[in-house]
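Written out below as structure tokens is the structure these notes cover.
Everything numeric in this text was worked out from a predicted model, so none of it was measured. What's counted below: heavy atoms across the whole structure, side chains too, no hydrogens, waters or symmetry copies.
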Amino acid sequence: MSVPVIAIDAMGGDFGPHCIVPASLKCLAEVPSLHLALVGQSSIVEELIAQTQGVDRSRLNVIDAEEVIGMDERPAQALRTKPRASMRVALELVRDGQAHACVSAGNTGALMALARQILKTLPGVDRPAMMTAIPTLKGPCLLLDLGANVDCSAEQLYQFAVMGSVAAQSFGIDRPRVSLLNIGTEEIKGNQQVKAAACLLQQAADINYQGFAEGDGLFRGETDVAVCDGFVGNILLKSSEGLAHMVAVRVEALFRRSLFSRLVGVLALPLLRQLRADLRPAQYNGASFLGLQGIVVKSHGGAGAEGFRAAILRAAQDLEHNLPEQLHSRLEHMLVTSRSINAGNDVTAAGSSPSN
């Protein structure tokens, strides 16, 4: 394998190249093994590079792509009308072997559609899923899907569970605990898709399925992999980010109320700073698209420089673990198992149906 290169969509996100280029250059300086390809309008990108001293150009390439996909643009329109969009060109670099991962803060729907079209999904995978790590009392928990798939079938939830379990194992968890996120832990709770997915997981010997988990259980560290549809996952992720920010602001405000509280705040300041550093959403930014024949990481569109740096490091970690190959080598058997279970359930249901 040639030197791993990460292609960066330099034009995506709410802040565009004025955030992404400096963040990429900082990451390049901090990680000596990193090689980047910045894809975007080369005149703007080169101007921003010129403002930073000491850039190692031997590990940095600029690829010109004059078109930009807007954050509110319809994915179908982006696919049809922008062949030289920075996002598309970055993904094509991965497809053609000139890069080994792609990072974008751009339009999520367009990124998903283009990634499926250009890189294709792994055999047996219906839809890719977005996955990220969230902090808990017992270490990170992998959460998927985060918004790529709003409506999911039971089979797709099962596929997410398989991919999440394999990803957790590649990150060093020997037998990851897998749970379905639900409105209660009782078997009678939840919609039909979640209940049917639970039946599939209960019969899958290769999955350490723990049953249903509630939202508060995630943050207590009761599971290593939490599976849900993208509608639920996106709301959970953004709500937890907002809650962490609100708590930090409220604590700071409490310590400013009086002279005494300010004195107490001075004593508690080192601990508060550490807590805030541990919980800040930026360091957990970067969602991996699992199930593609290539590595794609989606950064939050509103991420600043620190957050985008974390997304690049997420892509580097996925590269280090060769995540698509790990998934490919284990998915086929596990997904065939689920289809066998489904077929058996269909035969049983047909055999038990009353005759006319």
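Looking only at side-chain heavy atoms (C-beta outward), Ile6 and His100 stay at 4.5 Å or farther from each other. Residues Leu25 and Leu60 meet the side-chain proximity criterion, which asks for heavy atoms closer than 4.5 Å. Side-chain contact between Gln98 and Val5 is absent, with no heavy-atom pair separated by less than 4.5 Å. Side-chain contact between Cys152 and Phe231 is absent, with no heavy-atom pair separated by less than 4.5 Å. Contact check for Leu236 versus Cys228: no side-chain heavy atoms found under the 4.5 Å cut-off. Residues Ser288 and Thr132 fail the side-chain proximity criterion, which asks for heavy atoms closer than 4.5 Å. Under the 4.5 Å side-chain criterion, counting only non-hydrogen atoms from C-beta, Pro83 is in contact with Glu67. Put simply, the side chain of Leu34 reaches to within 4.5 Å of the side chain of Ile312, judged on heavy atoms.
Surrounding CG of Asp174 are at most 12 heavy atoms belonging to other residues, nucleotides or ligands under 6.0 Å away. Crowding of Asp96 atom CG: a count of heavy atoms from other residues, nucleotides or ligands under 6.0 Å exceeding 12.
Using a 4.5 Å cut-off between side-chain heavy atoms of Ile, Leu, Val, Met, Phe, Trp and Tyr, with links allowed through other members, Ile8 and Val55 fall into the same hydrophobic cluster. Transitive grouping of hydrophobic side chains (ILVMFWY, heavy atoms separated by less than 4.5 Å) brings Ile134 and Val232 into a common cluster. No continuous path of hydrophobic side-chain contacts links Ile173 to Leu142 [ILVMFWY only; heavy atoms under 4.5 Å]. A continuous path of Ile, Leu, Val, Met, Phe, Trp and Tyr side chains, each step under 4.5 Å between heavy atoms, connects Leu36 with Leu319, placing both in one hydrophobic cluster.
Heavy atoms only, all atoms of each residue included: Leu91 and Ala115 are closest at CD1-N, 3.7 Å. For the residue pair Leu180 and Ala198, the shortest heavy atom distance occurs at CD1-N, 3.5 Å. Of all the heavy atoms in Pro75 and Ala110, the pair that sits closest is CG-N, 3.7 Å. When all heavy atoms are compared, the tightest approach of Ala315 to Ala101 is CB-CB, 4.3 Å. Contact record, Leu79 with Ala113: CD1-CB, 3.6 Å, taken as the closest heavy-atom pair. The two atoms that bring Leu146 and Ala287 nearest to each other are CD1-CB, 3.8 Å, heavy atoms only.
Residue pairs that meet the salt bridge (charged side-chain N to carboxylate O under 4.0 Å, His left out) test with at least one member in residues 224-234, sequence neighbours left out, are Arg177-Asp224. Residue pairs meeting the salt bridge (charged side-chain N to carboxylate O under 4.0 Å, His left out) criterion with at least one partner in residues 9-19, sequence neighbours excluded, are absent. Annotation: salt bridge (charged side-chain N to carboxylate O under 4.0 Å, His left out) contacts involving residues 33-56, sequence neighbours excluded, comprise Glu46-Arg57, Asp56-Arg59. Listed by first and then second residue, the side chain to side chain donor-acceptor pair (under 3.5 Å) pairs involving residues 20-45 are Glu30-Arg309, Ser42-Asp64 (not counting sequence neighbours). Listed by first and then second residue, the salt bridge (charged side-chain N to carboxylate O under 4.0 Å, His left out) pairs that reach into residues 182-196 are Glu186-Lys189, sequence neighbours excluded.
In this structure, Asn149 contributes its side chain and Pro128 its backbone to a donor-acceptor pair below 3.5 Å.
Other residues sharing the hydrophobic cluster of Met71, ordered by chain and number and joined by side-chain separations under 4.5 Å: none, the residue standing alone. Chaining together hydrophobic side chains whose heavy atoms lie under 4.5 Å apart places Leu93 alongside Val39, Ile63, Val89.
Looking at Arg314 and Gln317, their side chains do bring a donor and an acceptor atom within 3.5 Å of each other. A side-chain N or O of Asp126 and one of Gln159 form a donor-acceptor pair less than 3.5 Å apart.
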Inset, instruction - Could you go through the side chain to side chain contact (heavy atoms under 4.5 Å, CB included) check for Glu73 and Lys82 one step at a time? - result: CA-CA 11 Å; Glu73 196 165 336; Lys82 294 188 173 177; 2.9 Å; yes
Legend entry - Val31/Leu313 under side chain to side chain contact (heavy atoms under 4.5 Å, CB included): CA gap, chis, key distance, verdict: CA-CA 9 Å; Val31 185; Leu313 295 178; 3.9 Å; yes
Inset, instruction - May I have the step-by-step check of side chain to side chain contact (heavy atoms under 4.5 Å, CB included) for Lys120 and Leu292, ending in yes or no? - result: CA-CA 6 Å; Lys120 312 301 182 186; Leu292 293 169; over 6 Å; no
Inset, instruction - Take Phe219 and Ser240 through the side chain to side chain contact (heavy atoms under 4.5 Å, CB included) test and state the conclusion after the steps. - result: CA-CA 10 Å; Phe219 294 102; Ser240 62; 3.7 Å; yes
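Shown here are the side-chain hydrogen bond (donor to acceptor under 3.5 Å, both in side chains) partners of Gln210, two or more places apart in sequence or in another chain: Asn208. In this structure Gln293 satisfies the side-chain hydrogen bond (donor to acceptor under 3.5 Å, both in side chains) test with no other residue, sequence neighbours excluded. Here Ala226 pairs with Cys141, Leu143, Leu218, Thr223 under the side chain to side chain contact (heavy atoms under 4.5 Å, CB included) rule; sequence neighbours left out. Judged as a ring pair (Phe, Tyr, Trp, His ring centres under 6.0 Å), and not counting sequence neighbours, the contacts of Phe171 are His321.
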Atom pairs and distances, donor-acceptor, side-chain atoms in residues 294-303, under 3.5 Å, two or more places apart:
unit_1, atom_1, unit_2, atom_2, d
Lys298, NZ, Gly106, O, 3.3
Ser299, OG, Asn285, ND2, 2.9
His300, ND1, Gly302, N, 2.9

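A distance of 13.0 Å separates OG1 of Thr81 from CZ of Arg74, quoted to the nearest 0.5 Å. Here the NE2 atom belonging to His328 is positioned 11.0 Å from the CG atom belonging to Asn322, to the nearest 0.5 angstrom. Rounding to the nearest 0.5 angstrom, the gap separating the CG atom in Leu290 from the CZ atom in Arg127 is 15.5 Å. One distance of note links CG of Leu144 with CZ of Phe289; it measures 12.0 Å at 0.5 Å rounding. Note that the CZ atom of Arg116 and the CG atom of Leu111 stand 12.5 Å from one another [nearest 0.5 Å]. With rounding to the nearest 0.5 angstrom, the CG atom of Leu181 is 10.5 Å from the CZ atom of Phe212.
A side chain to side chain contact (heavy atoms under 4.5 Å, CB included) with Val21 is found for one member of Thr52, Val62, Leu38 and no other, namely Leu38.
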